[in-house]
Amino acid sequence: MVGNGVRLEVAGPIVFFGYDWDDNMTIQWFPGHMNKARRRMVETLGRIDLVAEIVDARIPLASRNPMLAELTDEKPRLVLLNKSDLADPKVTKEWITYFRDELGLSALAVDAMDPKSVKKIPGVCKALFDKYLKQTGRSFHRARFRILIAGIPNVGKSSLINRLANKKIARTGDRPAVTTTEQWVKIDKAMELLDTPGILWPKFEGDSVGEYLAATGAIRDTVFDLAAISEFAIGILNERYPQGFRERFRLAQELSNPMDILEAIGKKRGCLGSGGVVDVEKACGLFLRELRSGKLGRITLERIPSLDDSCAVE
Ligand code: G4P
């Protein structure tokens with residue numbers, strides 16, 4: 001454990017990762033875990049032909065991990081912007097263009113909860129794999145090519161695998177001590193899917209990545225300051241999506257300071273402590289729950305980097 005941070009670890013059959021918050025709310029890594037994670041991912045990737053990289057459509061770069069790009073080098077890769085039902089549809093389209101034009105990656109917006117949306121994935125994977133074979137001149141002899149669904153915790157990997165495989169799979173991250181056997185699930189006559197996801201750790205590098213991950217619920221509330229994350233998210237809403245959240249909480253026009261807004265939300269929603277004083281932590285919890293579940297509207301928190309920005313991952 002580093003500093004006074006809370007240790008958060010998730011272990012699964014594919015990857016083990018761990019990190020700490022230090023006193024400055026930054027992340028400390030355990031290099032041993034990262035090496036182990038890398039080794040396991042390399043082993044898994046050796047058996048697959050195409051990687052479907054799942055990101056959260058509300059924070060498409062912040063929810064990626066650069067290690068995947070590095071390890072998959074030449075393999076065809078499809079970026080799936082999942083939870084697109086919660087993201088701003090116009091901005092999602094811009095992100096897809098960004099992935100294609102700036103990072104050279106095919107990307108598709110999906111909603112793992114919607115069968116119609118998930119149905120598009122196999123066709124796009126097949127087209128991508130065919131294009132890859134044509135471009136590289138490689139031959140392929142197995143009956144089906146193999147897909148791995150990979151991404152950081154909470155982006156919707158299990159939900160997507162369940163939907164694609166049409167069955168319930170084990171939740172790897174929840175069962176640290178259990179090693180499950182690898183199983184391939186037929187999707188159609190051309191492709192099969194590994195029934196356990198490739199779990200990566202969030203990268204926590206670059207501007208506001210930790211804040212984005214916390215605001216969307218990708219990391220647990222126990223490891224960050226709820227008020228700081230709520231203030232961060234309110235700053236974005238104030239600037240880009242003021243209408244939906246102001247209407248929902250019936251906020252007075254003149255309120256703009258995030259702490260004043262949280263106070264007002266607490267008062268309106270009865271988040272009160274002893275003596276009728278607003279319980280800020282409760283108000284933050286309520287605000288973040290509503291933000292994450294889409295009650296404040298379809299919101300994309302992360303901005304597309306400008307061309308001279310260096311936070312692109314590839
Ligand atoms: P993981 O395997 O990558 O860790 O993610 P998982 O599928 O467990 O999904 C994490 C949470 O995100 C789940 O909610 C899941 O229902 C939700 N989710 C996944 N994909 C989508 C999507 O496209 N749209 C929306 N709106 N939600 C999505 P949970 O509250 O943790 O669990 P539960 O409510 O499903 O029990």
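Hydrogens, waters and symmetry mates play no part in the numbers below; they use all other heavy atoms, side chains included. Computed from a predicted model, the values in this text were never measured in an experiment. Each ligand, and each atom within it, is numbered from 1 in the order the structure gives.
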Atoms in ligand 1 with a heavy atom of [X] nearer than 4.0 Å:
X    : value
S158 : 1 (P), 2 (O), 7 (O)
D111 : 22 (C), 23 (O), 24 (N)
S159 : 6 (P), 7 (O), 9 (O), 15 (C), 19 (C)
K157 : 1 (P), 2 (O), 3 (O), 4 (O), 5 (O), 7 (O)
A112 : 20 (N), 22 (C), 23 (O)

*What class does the angle between the rings of F232 and Y212 fall in, given that below 30° is parallel, 30 to 60° is tilted and above 60° is perpendicular?*
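It falls in the perpendicular class, over 60°.
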
*According to the interplanar angle, ranging from 0 to 90°, do the rings of F99 and W95 count as parallel (below 30°), tilted (30 to 60°) or perpendicular (above 60°)?*
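Tilted: the ring planes of F99 and W95 meet at 30° to 60°.
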
_Does any part of the side chain of V42, heavy atoms only, come nearer than 4.5 Å to the side chain of R39, both counted from C-beta?_
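When only atoms from C-beta onward are counted, V42 and R39 do not touch, as no gap falls below 4.5 Å.
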
Donor-acceptor pairs under 3.5 angstrom involving side-chain atoms of residues 274-283: please list them, not counting sequence neighbours.
from	atom 1	to	atom 2	distance (Å)
D279	OD1	E281	N	3.2
D279	OD1	K282	N	3.1

Under 3.5 Å: N/O of [X] near N/O of ligand 1:
X    : answer
S84  : no
L86  : no
V110 : no
V155 : yes

Side-chain donor-acceptor pairs under 3.5 Å in residues 260-272, sequence neighbours left out?
from	atom 1	to	atom 2	distance (Å)
K268	NZ	R250	O	2.8
R269	NH1	E290	OE2	2.9

*Say whether R138 and Y132, considering side chains only, have a donor N or O and an acceptor N or O under 3.5 Å apart.*
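Yes, a side-chain donor-acceptor pair sits under 3.5 Å.
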
*Which atom names give the shortest non-hydrogen contact between I304 and V91, and what distance separates them?*
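That closest heavy-atom pairing would be CD1-O, 4.3 Å.
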
